[in-house]
Amino acid sequence: MSDVVQNGMPGGDARHPHALEKTPARTPDRGAPVLEVDDLVVEHRNRRTGEVFRAVDHVSLRIGAGESVAVVGESGSGKTTLAMAATGLGTRGEGDIRLLGHSLSSVGRKQLRRLRPEAQVVFQDPHGSLDPRQSVRSGLRELRSLQPERTSWIEDTALLERVRLEPSILDRYPHQLSGGQAQRVCIARALLMRPRLIVADEPTSGLDVSVQADVLALLKEIRATTGAALLMISHDLAVVRSVCDVVHVMYHGRVVESGPCETVFARPQNDYTRELLAAMPGARWRSRQ
Ligand SMILES: Nc1ncnc2c1ncn2[C@@H]1O[C@H](COP(=O)(O)OP(=O)(O)OP(=O)(O)O)[C@@H](O)[C@H]1O
Ligand SMILES: [Mg+2]
C-alpha cells in the first residue's frame, strides 16, 4: 500500500522539499499497533434531566504506525465522542482503549501524563483551539515548559518552517492569523510533541476552500515523514479517499461498515453507507469512477 494517495491534491513539497526530513525517527515498524479500541461504549448524561444518551455503541477499531484511518458519518453519529475517548481526552466510557499497547483504564496518572502527548488532536476550529491571550511564541513556550524533554528536538522557527509558516508568525496573536495560518499553528503545536498518533477532527471544514488542500497536503506529508498514524474524521469523502487507507462508517454511535476506502466507496455493502455516499459532499468523485 502506498504511503500517500495523491488523488489530485497539490503536494506540499514544492516550496520546502525537505521540510520534514530532520524530524527525529522514533516510530515503531509500520503497522505496529498505535491505537486499539475494543468494544467502546460512551454515554453522555444530561446533568439537568439525568437522561443518558449512548453516543458510541460498541465500537472497535485499530490503527497501526504509519496508517491512516477515517471515521465518517452524519452529524451526531458519535465521531468526536469516539475520538475524544480514544485519546483519553473526553468521557472515557466502557471498553478497552490501548495507546501504544497501554490500556488507558489501567495505567496510573503518571504514566497517563506520559502517554497523552503521544496522541495529538487537531480540531475543526483552529481559532477556538488557541488561547486568544497568547502569542504563537508564548503558546509554544508553554507547551515546552510542560514537556521539556519531548519538545527540545526543534527550535520554534524550524518548527514553523515545517508547517510552512514564516518566523514573523511567532509574534502574532490568534486573531492576527488567517484560518489557514491558525490551523498550521495548531498542526505545529501537535508536531512539536512528536506524537505517534494524530487525530484530525474535521481539520479543514472550517477553512476557506483555497487553503483546505494545502492543510491536507501538510497532514499527509507529516504522516509520511514522521510515520505517525492518522485518525481522520471528516464529512468530505474526497478528503477521506485522498488521505486515508481504511474507513469506518458510523451511524447512531455504531460502526456499520469498515474496510479499505477503495472497496467501501466503490462497493458499499450497507444501506446507510450507500445513503451517506450519495448525500455527502465528496460523493461527486463517485460519478467520475
Ligand atoms: N458533552 C455532551 N453531553 C451530552 N451529549 C453530548 C455531549 N457531547 C456530545 N453529545 C451528543 O452525543 C452525540 C454524538 O456527538 P458527537 O459530537 O460525537 O457527534 P459527531 O459525529 O462528532 O457530530 P458532528 O459531525 O456534528 O461533529 C450527539 O447526539 C451529541 O448531541
Ligand atoms: Mg464532531
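Both ligands and their constituent atoms are indexed starting at 1 by order of listing.
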*Are F53 and V255 joined in one hydrophobic group, where the rule is that I, L, V, M, F, W and Y side chains link up if heavy atoms are under 4.5 Å apart?*
no
On a heavy-atom basis, the closest approach of E74 and Y272 is N-OH, 3.1 Å
Note to self: Would M84 and V121 count as a side chain to side chain contact (heavy atoms under 4.5 Å, CB included) here? Give the steps.
What the structure shows: CA-CA 9 Å; M84 291 297 99; V121 186; 3.8 Å; yes
For T273, the side chain to side chain contact (heavy atoms under 4.5 Å, CB included) test, sequence neighbours excluded, returns V249, V256, E257, V264, P268, N270, L277
With a 4.5 Å cut-off on side-chain heavy-atom distances among I, L, V, M, F, W and Y, is there a chain of contacts connecting V42 to L112?
yes
Output for ligand 1, non-hydrogen cut-off under 4.0 Å, lists H44, F53, A55, E74, S75, G76, S77, G78, K79, T80, T81, H235
*List the steps, then state whether side chain to side chain contact (heavy atoms under 4.5 Å, CB included) holds for V59 with M250.*
CA-CA 9 Å; V59 167; M250 276 189 89; 4.2 Å; yes
Total protein N/O/S atoms sitting under 2.8 Å from the Mg ion (ligand 2), waters ignored, is 1
| Hydrophobic cluster identity match, V107 and L99, side-chain contacts under 4.5 Å | yes
Partner of P195 under side-chain contact (heavy atoms from CB on, under 4.5 Å), picked from E118, R116, R150, Q120, is Q120
Residues 90-102 vs salt bridge (charged side-chain N to carboxylate O under 4.0 Å, His left out), sequence neighbours excluded, gives E36-R98, D38-R98, D96-R98
